[in-house]
Amino acid sequence: MDVIRQITAAIESVDGVSLLDVDPGATTNRTVVTFVGRPDAAVEAAFRGIQKAAELIDMRKHKGAHPRMGATDVCPFIPVSNVTWEEAIACARQLGKRIGDELKIPIYLYEKAAKDPARANLAVIRAGEYEGFFAKIKEPAWKPDFGPAVFNEQSGATAIGAREFLVAYNVNLNTKAVRRANSIAFDVRENGRIKTDDGTPYGKPVLDAKGEPVRIPGMLKHVKAIGWYVEEYGIAQVSMNLTNIEETPLHAAFDACSEAATKRGLRVTGSEVVGMLPKKCLVDAGKYFLRKQKWSEGASEEELIDIGIRSMGLSELKPFDPKEKIIEFKMEPAAKKSLVKMDLRQFCNETLSDSPAPGGGSVAALMGALGVSLGGMVANLSAGKRGWDDKLQYFSDWAVKAQQLKDELLFLVDEDTAAFSKVMDAFALPKESAEEKAARSAAIQGANKYAAEIPLRVMETAFKSYQILVEMADKGNPASISDIGVGLLATRACIQGAALNVRINLAGLKDEKVKSTLQEKVRKISADSEARFKEISQIVEGKLT
């Protein structure tokens, strides 16, 4: 752990870099480190980490269950936001050249950064591992992309690349047998297994016309897998790399392993994520397992994540904390004062205080979120109503839409206050010189325009709630018709209140064309809102009487 701390300290010594996660494995003798930063900062941090690893780790003494070839085995650059693939590839190549030149470590470029397509696959580069590389590097086909064509005994070789999000995922089995875990790995991985004449692993390989072994493909695309025994847990696992989580999501890998294990008389007991993963993996998993339960998918993001964690047993071996393991959560900047993170009493106290924000715009957005939430509640209740099984998908789809609108309106609760703060900041700008006055005036106009656009967006978003409310009023559980009525009133109040906030911010806008356009949008949405309100009110009143 002292070695790991020294390496991560070197990474953290770079300004503009945040260390997100450090995940050491005792049996694999391998640590996954995740950090984020600007391209230039990320390259510098990676260099310092690799430099420190080369100094502290002696590969001549290293053993571990995971395939490896160097003190820093692999270093991928993954674009998160505001970074192109071209920039990520440039980072990989810049880092590779510097390490080769300065540290004299052989560097191989892989995935999107690969110069040689035949070496794009990391598994192909790593084949033979550390021990086999002494001979492999002498072959012309394996001349490094950077650095000397002489194997570095202490540090080994390093692969550097640019790739999509990869999820390192291990599924736990109720066995200690590596052979049985490997059988399941061969069942699920894309590469499958070699076909034999008797259908057993011990038979003679079947060859094709070119004399190459015929392979039986596995169940999952974009999955690499092996079986191993993890001494620290006392179990065997199927260890997988999911290289395309859009086509093969986490839950598909879990279920495929469960299916293959059951066929072999084994049982999957849980799973673990090594390193970090995108939020989408667990949100999609939650929806998937709700569908399997024949239940509505219209749960909150937090609930979906929790269902995904529980369904795949991600906390079996050690606690799975979403705030630590989900990339988006770990990257969230500490909000100065997020209104939606307050409890109800705190929100009301803040609104009632002598601070001008949160004001009517934020409160209007909150009313809209409450209105559509009531519509979504009726959809979820209707989806679970006894005897309405044939309507499950219909109501589930509306509940999912309600969740989406609720989340958008809650975002706008904070954004309206942020927009007001921008106006205040603009008025606080200096105004001594002519240049300062001009800059201040332009900033005020821009801030006022944005402050008008946010409540307009609240109106547009809340208006979409009417479609959910009318469907639930007409077809939803009749016992909940009063909830639709309250949701209807909240939605109308949201739209009327947001309209007032658009108008007051337009008052300070000098651009008459922009002002006229926004005023016309407010007028139309307000008129359409009144028409929809009357239409749905009649349905509600009719059912109540």
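Residue numbers count from 1 along this sequence.
A salt bridge between Asp40 and Arg38 is present, with a side-chain N of the basic residue lying under 4.0 Å from a carboxylate O of the acidic one. Remark: Lys401 does not engage Asp397 in a salt bridge, criterion side-chain N to carboxylate O under 4.0 Å. With salt bridges taken as basic N to acidic carboxylate O contacts below 4.0 Å, none links Lys224 and Glu190. Looking at Glu301 and Lys279, a side-chain N of the basic residue comes within less than 4.0 Å of a carboxylate O on the acidic one, giving a salt bridge. A salt bridge is defined here as a Lys NZ or Arg NE, NH1 or NH2 lying under 4.0 Å from an Asp or Glu carboxylate O, and Asp23 with Lys318 meets this definition. Classification of Asp187 and Lys263 as a salt-bridged pair fails, no side-chain N sitting under 4.0 Å from a carboxylate O. Salt-bridge annotation for Arg93 and Asp145: absent, with no side-chain N of the basic residue lying under 4.0 Å from a carboxylate O of the acidic one. Here Lys323 does not pair with Asp321 in a salt bridge; the nearest charged N to carboxylate O distance is not below 4.0 Å. We find that Arg457 and Glu408 are joined by a salt bridge, their nearest charged nitrogen and carboxylate oxygen being less than 4.0 Å apart.
With a 6.0 Å cutoff to the six-membered ring centre and a 45° limit on the axis angle, Lys422 counts as a cation-pi contact of Tyr450. Figure legend: cation-pi geometry between Arg98 and Phe47, with NZ or CZ positioned under 6.0 Å from the six-membered ring centre and within 45° of its axis.
Residues that satisfy the side chain to side chain donor-acceptor pair (under 3.5 Å) test with Arg163, not counting sequence neighbours, are absent from this structure.
By the 30° and 60° cut-offs, the orientation of the rings of Phe151 relative to Phe133 is parallel.
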From CA spacing to verdict: salt bridge (Lys or Arg N to Asp or Glu O under 4.0 Å), Glu324, Lys330
CA-CA 6 Å; Glu324 296 296 321; Lys330 201 69 187 285; 3.1 Å; yes
Output, in order, the C-alpha distance, side-chain angles, deciding distance and verdict of side-chain contact (heavy atoms from CB on, under 4.5 Å) for Gln51 and Leu103.
CA-CA 7 Å; Gln51 183 180 42; Leu103 305 182; 3.9 Å; yes
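Between the Thr196 side chain and the Pro205 main chain, no donor and acceptor come within less than 3.5 Å of each other. Between the side chain of Arg30 and the main chain of His66, no donor-acceptor pair closer than 3.5 Å is present. Of the possible donor and acceptor atoms, one in the side chain of Thr8 sits under 3.5 Å from a partner among the backbone N and O of Arg5. Between the side chain of Arg126 and the main chain of Glu129, no donor-acceptor pair closer than 3.5 Å is present. Proximity of a side-chain donor or acceptor of Thr248 to a complementary backbone N or O of Asn244 within less than 3.5 Å is not detected. Between the side chain of Asp73 and the backbone N or O of Met69, at least one donor-acceptor pair lies under 3.5 Å. A side-chain donor-acceptor contact under 3.5 Å links Thr175 to the backbone of Ala177. The backbone N or O of Gly275 lies less than 3.5 Å from a partner atom in the side chain of Lys325, making a donor-acceptor pair.
There is a side-chain donor-acceptor pair under 3.5 Å between Ser13 and Arg48. In summary, the side chains of Thr269 and Asn174 do not present any donor paired with an acceptor at a separation below 3.5 Å, with no hydrogens or angles considered. A donor and an acceptor atom, one from each side chain of Thr84 and Glu87, are located under 3.5 Å apart. Side chains of Tyr169 and Asn241: a donor-acceptor N/O pair is absent below 3.5 angstrom, by distance only. For the residue pair Tyr108 / Thr158, no side-chain donor-acceptor distance below 3.5 Å is found, with atom types taken as modelled. Donor-acceptor pairing under 3.5 Å is recorded for the side chains of Glu272 and Asn170. Donor-acceptor pairing under 3.5 Å is recorded for the side chains of Ser338 and Asp414. With no hydrogens or angles considered, no side-chain donor-acceptor pair links Asp407 and Gln403 at under 3.5 Å.
Between Ile454 and Leu412, the closest side-chain pair of non-hydrogen atoms falls below 4.5 Å. Taking 4.5 Å as the limit, some side-chain heavy atom of Ile226 sits within range of a side-chain heavy atom of Pro67.
Smallest separation of non-hydrogen atoms from Ala236 and Lys176: CB-C, 3.9 Å.
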